[in-house]
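Take a look at the structure below.
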2 protein chains.
Amino acid sequence: MTRRYHCPVELTLDVIGGRWKPVILAHLKEGVHRYGELRRRMPGISEKMLTQQLRELESDGLVTRAVFAERRPRVEYSLTAEGASLGPVLQLLYEWGERRAGARGVAFAPLPPETPDSR
Amino acid sequence: MTRRYHCPVELTLDVIGGRWKPVILAHLKEGVHRYGELRRRMPGISEKMLTQQLRELESDGLVTRAVFAERRPRVEYSLTAEGASLGPVLQLLYEWGERRAGARGVAFAPLPPETPDSR
DNA sequence: CCGCATCCCAAATGATACTG
DNA sequence: CAGTATCATTTGGGATGCGG
């Protein structure tokens, strides 16, 4: 990832680029989320990609991973301060998509129903 | 591109995602640019990718392509109104990259020198 | 529940040479 | 100048199965 950048936008994209990272960050922006919770909110992503992208975000200092090895094990993800500094960007990406969807009559697919043991 | 979106951010990324589109848009945001001008400002991109990305941006309604078949042929690219509506997003992507670069001591590579006939 | 490992395919991107 | 065409490579992403 040590590429040569000619423009700051390139650097930003190297960190948050890709099909999923901004979506993940946009969800975490709303608060702490467990792994399974993120998966349900992103029905299109595979487990492999979700794990992989989360780890990259972690190693880039944008996300914190907290493991709780209790009787009901869970892992919680949240934004670091640097991750949170992306808030305005994510907000605009969200709003721009909303407006474009509205202008073109695009609807968003609903999330799958909650399962009893999802919590 | 008719995918099912679960979150507005996904739609936005479908339009401006990828390694180069935001960089291209960030340059056009500063004003009209010719093809060769863009190429010089993005030394990392191949001609094929530049052409391809510009055409996609055009067909997504973000960019205008104007051909001048004069004795010194040229093609000028500029933002449409919808493309210009991405201004704030691009601005933030730029600024975030700048701040991260500053915080980590990353420098940006200089552009290649001007050649006499580049204009 | 939250992953990791492996294999495999498709899409994205790149290098290079050539053209109107 | 502003691209095409072609080929090669890299990366993204999915499916499946196993493990702590």
Could you say whether B:Arg74 or A:Ile45 is positioned toward the 5' end of DNA chain D, judged by the nucleotide with the nearest heavy atom to each?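 With B:Arg74 and A:Ile45 compared, the 5'-side residue is B:Arg74.
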Hydrophobic clustering (ILVMFWY, side-chain heavy atoms < 4.5 Å, transitive) - are A:Tyr35 and A:Phe68 grouped together?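 As far as the 4.5 Å side-chain criterion goes, A:Tyr35 and A:Phe68 are not connected within one cluster.
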To the closest 0.5 Å, what do you measure between CG (B:Leu57) and CD1 (B:Ile16)?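 The CG atom of B:Leu57 sits 9.5 Å away from the CD1 atom of B:Ile16.
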Out of curiosity, A:Glu56 CD to A:Ile24 CD1, how far, rounded to the nearest 0.5 Å?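 So the gap between those two atoms works out to 9.5 Å.
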Look at the side-chain N and O atoms of [X] and state whether any lies under 4.0 Å from the OP1 or OP2 oxygen of [N].
X: A:Tyr77; N: C:dG3; answer: yes
X: A:Arg65; N: C:dG3; answer: yes
X: B:Ser46; N: C:dT16; answer: no
X: B:Arg55; N: D:dT4; answer: yes
X: A:Trp20; N: D:dT11; answer: no
X: A:Arg34; N: C:dC2; answer: yes

Starting the side chain at C-beta, find the nucleotide from C:dC2, C:dC4, D:dG3 nearest to A:Thr51.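 That would be C:dC4.
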Which of the following nucleotides, C:dC2, C:dT13, D:dG13, is nearest to the side chain of B:Gln53?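 For B:Gln53, the side-chain atoms sit closest to C:dT13.
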Under 4.0 angstrom, heavy atoms only, what part of the nucleic acid is B:Gly17 near: base, sugar-phosphate, or nothing?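 Answer is nothing: B:Gly17 stays at 4.0 Å or more from every strand.
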Looking at B:Arg19 and A:Glu10, is any side-chain nitrogen of the basic one under 4.0 Å from a carboxylate oxygen of the acidic one?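 No.
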So, using salt bridge (Lys or Arg N to Asp or Glu O under 4.0 Å) as the criterion, who are the partners of A:Glu76 when residues are at least two apart?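 Salt bridge (Lys or Arg N to Asp or Glu O under 4.0 Å) check on A:Glu76 returns A:Arg74.
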Given DNA chain C, 5'-ward residue of the pair B:Met49 and A:Pro73, judged by closest heavy atom: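 In this pair, the answer is A:Pro73.
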All N/O contacts under 3.5 Å from nucleotides 16-19 of chain D to the protein, with atom names and distances to one decimal?
none

Between B:Thr80 and B:Thr64 (side chain of the first, backbone of the second, donor and acceptor by atom type, cut-off under 3.5 Å), is there such a pair?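 Answer holds: no.
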